[in-house]
Amino acid sequence: MILTKVQYDEIAQCLVSVPPTRQSLRKLKQRFPSQSQATLLSIFSQEYQKHIKRTHAKHHTSEAIESYYQRYLNGVGRNGAAPVLLELANEVDYAPSLMARIILERFLQEHEETPPSKSVINSMLRDPSQIPDGVLANQVYQCIVNDCCYGPLVDCIKHAIGHEHEVLLRDMLLEKNLSFLDEDQLRAKGYDKTPDFILQVPVAVEGHIIHWIESKASFGDECSHHAYLHDQFWSYWNRIRSRLSVFGDKVGPFEGKY
Amino acid sequence: MAAVLESLLREEVSVAAAVRWIARSAQSSEDDPGEVAALSSLRPLRKEFVPFLLNFLREQSSRVLPQGPPTPAKAPGSSAALPGRPGGPPRGGRGARSQLFPPTESSSAAAAEAPSARGGRRRGPGPGRERGGRGPGGLEEGVGGESQPWAGGRRPRGSGSPGSPSLARCDPPNLSNLEEFPPVGSVPPGPAGTKPSRRINPTPVSEERSLSKPKTCFTSPPINCVPSSQPSVLDTSPWGHGLPPGCRSLQEEREMLRKERSKQLQQSPTPTCPTSESGSPLPSRTGNLTAEPADPARVSSRQRLELIALIYSSCIAENLVPNLFLELFFVLQLLTARRMVTTKDSDLEPTPGAPDSLESPLFQSVHDCVFFAVQVLEHQFQVLSYLDKGTLKLLAENERLLCFSPALQGRLRAAYEGSVAKVSLAMPPSAQAVSFQPETDNRANFSSDRAFHTFKKQRDVFFEVLREWEDRHEEPGWDFEKGLGSRIRAMMGQLSAACSHSHFVRLFQKQLLQMCQSPGGPGGTVLGEAPDVLSMLGADKLGRLRRLQERLVAPQSSGGPCPPPTFPGCQGFFRDFILSASSFQFNQHLMDSLSLKIRELNSLALPQPEPSDEDGESDVDWQGERRQFAMVLLSLRLLAKFLGFVAFLPYRGPEPPPTRELQDSILALRSQVPPALDVRALLQQGLRARRAVLTVPWLVEFLSLADHIVPLLDYYRSVFTVLLHLHRSLVLSKESEGEMCFLNKLLLLAVLGWLFQIPTVPEDLFFLEEGQLDALEVDTVASDHGLDGMPVVDQHLLYTCCPYIGELRKLLASWVSGSSGRSGGFVRKITPTTTTTGLGAQPPRATQGLQAQLAQAFFHNQPPSLRRTVEFVAERIGSNCVKHIKATLVADLVRQAESLLQEQLLTQGQDGGDPAQLLEILCSQLCPHGAQALTRGREFCQKKSPGAIRALLPEETPAAVLSSAENIAVGLATEKACAWLSANITALIRREVKAAVSRTLRAQGPEAAARGERRGCSRACEHHAPLPSHLISEIKDVLSLAVGPRDPEEGVSPDHLEQLLGQLGQTLQCRQFLCPPAEQHLAKCSVDLASLLVADHIPVLGPPAPRGLERGQARRLLHVLLSLWKDDFQVPVPLQLLLSPRNVGLLADTRPREWDLLLFLLRELVEKGLMGRTEIEACLGSLRDAQWPKDFSEELATLFHLFLAEPHMPEPQLRACELVQTNRGTVVAQS
């Protein structure tokens, strides 16, 4: 399914400073009933990531961290069961998972002798049961399950989508009897950068010659399209040295093509 | 100009800023404002800086380089400049060196602005750039060369010139100066001093200076000026001094030198040169002055030299100098300077106190020269490292270099050892006649029988003429015109019909290509030239060679670094043929034909192999592509040279037009003649398509034969402008994607540099055009990857196209020969040992040669397509053979390696030892098997080639021809494959085994062990299960609802939950889309879900208000989860999380607390074998450590007891349910 740029922009318009929660997504769905939840979530995620990239720095100043931490401590001091951390994140317009990370890091700094390593923090975010403080564990867990744009669960969903699309693509190629080399085979042949598939015999789709296919499970908006072009596509182009064509148009969710 | 140099020396201006200033007219933002101010006043002089600098260096070095190979100027045409000329320093030759570029008019402005730096500046008389082939004109600067026109002569020390305080300083004696304080019987320190016997005392020739007395010091006579014995009239004469006085003085000088030497020998009882080898009594090219050892400790004004070396190097690096290799040659001359021309008591007194002034000579001793040269070489290392192996060897062996910069020597040595750029001087193959070309030479292509027969006869005459030339042209006294002229003209006279002309021209052109551009060899460029003995012999032989050389009548033909265009070898025949024929029709047809062929070859699509393809096998193909490129390039150069020759022939004259008016009228006339070939368009096309590396070299050949007027014509001037722009843009140090390859650039720089030195190219062109460059932007941005970015040029091609680069090697070699008597240097020649198992019994070399000749002869009489077919088949089969060996033999060996490794790991335990060591063991076992590759490769080629040949040749090919073609193809393919295999098979096996070892070791790692065996989905599965991503997302939604916060109307329906778990089951069974991380998260989410169920935290939708799930529903869901955990998950499920404080803590919030579900769950876990009792007990135990409300702790303790009270034996499910029922009652009661 191809989404026009106008439609995309319209959706993106509704996403300006909306917290990345279940509720927001529900409202979005009501507003655009014709779009699938996956599409909306994908656009939401993309737009929200852009927003976070812009504002990320201001939440990481030592003053900001200190003030968040104090607010958190005051909040849980009043009522440990209340969604203190989640509300704090929504209030300052920051992703709940990322806020959880800030507070957790700050908390560990206070309670451990050595500053916490990144892997320890990641592991605690994946499994909040490991957090020594029960109240904080609950708060962090709440943030993570409520965040629909960041956090270990969202990462896992994204990864899973990527994997699924690759499998789908492979099945379709097999079904169409197109001979291809997949990433593992390419790597074994010594390619340093590999697209998902290289067709051993090129095909024409809608008038474009396709030599290779890279499935991008996320939404292909203009910005990310350019970023991918920069990071990946040109390097394939330099290596495979043939006309490139990406499954999915400049604007259009990837899975729509299936 | 001197002002600029001075301000640099005074460190008012940084080198970087100065180079920016020279390179660009616009100031860049990085410039320091002070520097900008210092330089902006000198803006008008910007263009002149580089020529000034070059002339300055040449002048400064004139005392050091009086003999030896000639000046790095265009060409040593005049006899005085010939290198082999024995005797003392030829004055004229020296003069020729010093003024590379004559001072231009505007430099008077500089004089006005920098009065302190210059005294009376001597104008260069006339258009005085020294050039080869200009006869006496080459001497015009003769005497002036000795002086320093920029410095205003040597001012009297302490005369107190107010403008230059440095001069007024009273200098302390310089104890380290060799001239002033010569070592008394001591061995000079430093590595160079290890051969003290080489040092001889300087030969003072006082009268010598009289000739070269500074002519510029009209205002104040130099203090050290020896009274002149020569009339000063010479100095003011417009031509310096004429040839006769020059020759006379030469004779006199030589005589004086000899006298002086014998006098000295008599005086000193101990001869300074004990070794007879170097002590040749006769003056010779190199041996008349033994090299003075250079010592880094004796370098005077180091800082100044460093600075100037840096500026100079920067100018070279930015391509501000016209000819890169000319500068390198000059630097090597400095490096190998034998000794200073001594002046009696030195007007060269060192001025150590004023190192930052230009007043004192730059090179005060050989030490200075060598120091400077080594400094520059250090900056130019990159270029050096791309020179051929022989040059690198000579450089690395140069003991002066070692002594002055061991680091550079080390790098050079490393470069030498890593270099594969062996440039051999292949002997040209014997010329063959063009065979009859059935497709063009048949009767149908001629207008009449008569024309056909005439052509037949002409063909015979042509080859007869050619054979006679081959036999006789080297005989002394034989003259082309006398011997063949009339016959040629008679033959041309018979060519009446236009069509006959075109036939003959085709034959002529084919023969030209065949003879002068032979595949693989350097072709016409060295054809007929005496092989370069200096380069061919090792250093150890050079001593003996030197003596032999002295007896030779003619000195070795050495064109210097910038020879004028010539027609060596067979090319001479074709040139003379054209001249003798002097037929207008023939010339016109020839031009047409050459233009057509040039266009055709220039646009030939050269295949571009994938550079990223895995190293090994593509090498095989790549060689072929490179050879093809070289063939095309060399053909183009040859054709373009002849096109240029014929096209400009009517206008050629020895001299440019004498007057401006005459020149203008000629210009007006010529500007309306269309060019023979639209080279400008072709050049622009070439640049746009990034094929400059193909187009420019032939264009340079074409332009090199232009007459004097051509560069002034608008059309060609624009061509030159583009070329100049290109030259400047080829900065060697710039390396990025899309840039030209290094050797491609080097080739272009070499040919362009050579072009700029051609006599017919105006000397000011290079520097004057500069201003217009900025305006002219060539659009080189092309989407496609052109030839420029491909490594198509190798050293062999570079040296073939630019044989003058070899002059660098000759120069270095002659240095070695001069300091003979030493061993062959550090690099020992190792005789290659041929393995008998290698390519098997090889026929003796002579037989091989004969075989090759037979094959050539065979092809000669067959249609060209046969040869192409055979070569193609050999090429492909050879390449396939390598691939085949890799897929079979090497793959087998890798499998063996893997099984060997497995054994090793089994016997030695998991770690198996050091991987590197393992690899060594495996390789030592397996690499010997690589020898089979050759036998197998031969078999492969033998088996495959004949079939391919049969399939590709016409059915009607005679059997004998077919079998010959097959045999040749087999031979060529085998040769190709075996050459590659024998060189690379061991490395290939090693690499593959290494990859296999690391793969196996990785697979053995702990991570892999945990992965275990994984089941796929059942065969009947149609993969319709929900996608894992969708499930995780759904479960996450439920979790977030349960954890809150939530709106009042939000909730989950029990059916939805049931459905979700059902989907989870399907997904886990299908597995098509499941990846381990997704499964792990699903497992963890399911545990979280279970905890929420147990704690009754799931809000259920439906009227009336949201409430908890019914117990029965919850229990049913838990059952589903339990069976999923037991049967469907293939990753470990983190069940212990069920008892983590956080999840158990969920219960604490509920009122009334319901423990029965938890107890039920625990029992089921034990019963299904999902968790052990002890494990659960441990979890429960640790739970008690956490801080809970008091009542909660008590309830927890009760649960613990209840669980412990259970019988240890697994019980039937029914029974358990009942138990739970009763227990539930108790728990509720207690709460």
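Just so it is clear: chains get the letters A, B, ... in the order the sequence lines come, proteins before strands, and each one is counted from 1.
Between B:Q1072 and A:D171, the shortest heavy-atom distance links the atoms NE2-OD2, 2.7 Å. A:R22 and B:P1045 make their closest contact through NH2-O, 3.3 Å (heavy atoms, listed as atom of the first residue, atom of the second, distance). Between B:P1077 and A:H159, the closest heavy-atom pair is CG-CE1, 3.7 Å.
In this structure the side chain of B:R1142 never reaches within 4.5 angstrom of the side chain of A:V140, judged on heavy atoms. Residues A:T21 and B:S1040 have side chains not in contact (no heavy-atom distance under 4.5 Å, counting atoms from C-beta outward). Two residues are said to be in side-chain contact when any heavy atoms from C-beta on lie closer than 4.5 Å; B:K1036 and A:C148 meet this criterion.
If you take NE2 on A:H165 and CZ on B:F1073, they are separated by 9.5 Å, rounding to the nearest 0.5 Å. Of the inter-residue distances, the one linking A:K158 atom NZ with B:I1032 atom CD1 reads 13.0 Å to the nearest 0.5 angstrom. In this structure, CD1 on B:I1035 lies 10.0 Å from CD1 on A:I157, to the nearest 0.5 angstrom. Rounding to the nearest 0.5 Å places OG of A:S129 at 11.0 Å from CG of B:L1139. The CG atom of A:N138 lies 6.5 Å from the CG atom of B:L1146; values are rounded to the nearest 0.5 Å.
Residue B:H1056 qualifies as enclosed at atom NE2: its count of foreign heavy atoms under 6.0 Å is above 12.
Checked by atom type and distance alone, the side chain of A:E164 pairs as donor or acceptor with a backbone atom of B:S1029 at under 3.5 Å.
Take B:E1175 and apply the side chain to side chain contact (heavy atoms under 4.5 Å, CB included) test, not counting sequence neighbours, and it matches B:M1171. Residues that satisfy the side chain to side chain contact (heavy atoms under 4.5 Å, CB included) test with B:S1182, not counting sequence neighbours, are B:D1185. Under the side chain to side chain contact (heavy atoms under 4.5 Å, CB included) criterion, B:A1083 pairs with B:F1129, B:V1131, B:V1133, B:P1134, not counting sequence neighbours.
Using a 4.5 Å cut-off between heavy atoms, A:Q23 contacts chain B through its side chain alone, with no backbone atom that close. With a threshold of 4.5 angstrom between heavy atoms, B:L1031 does not approach chain A through any atom at all. Of the two parts of B:S1140, only the side chain, counted from C-beta on, holds a non-hydrogen atom closer than 4.5 Å to a non-hydrogen atom of chain A. Using a 4.5 Å cut-off between heavy atoms, B:Q1080 does not touch chain A at all. Neither the backbone nor the side chain of A:L25 comes within contact range of chain B; no heavy atom of the residue lies under 4.5 Å from a heavy atom of that chain. For A:D127, the parts lying under 4.5 angstrom from a heavy atom of chain B are both the backbone and the side chain. Proximity to chain A is limited to the side chain of B:L1137, based on heavy atoms less than 4.5 angstrom apart.
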Margin query: Quick one, B:C1085 with A:L153, criterion side chain to side chain contact (heavy atoms under 4.5 Å, CB included). Give me CA distance, side-chain angles, the key distance, then yes/no.
Written below: CA-CA 9 Å; B:C1085 287; A:L153 269 173; 3.7 Å; yes

Next item on the list: In sequence, state the C-alpha distance, the side-chain angles, and the governing distance for B:K1084 and A:R126, and then conclude on side chain to side chain contact (heavy atoms under 4.5 Å, CB included).
Entry: CA-CA 10 Å; B:K1084 189 173 165 292; A:R126 267 200 303 277; 5.6 Å; no

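Identified by a heavy-atom distance below 4.5 Å to chain B, the contributing residues of residues 84-93 of chain A are A:L86, in residue-number order.
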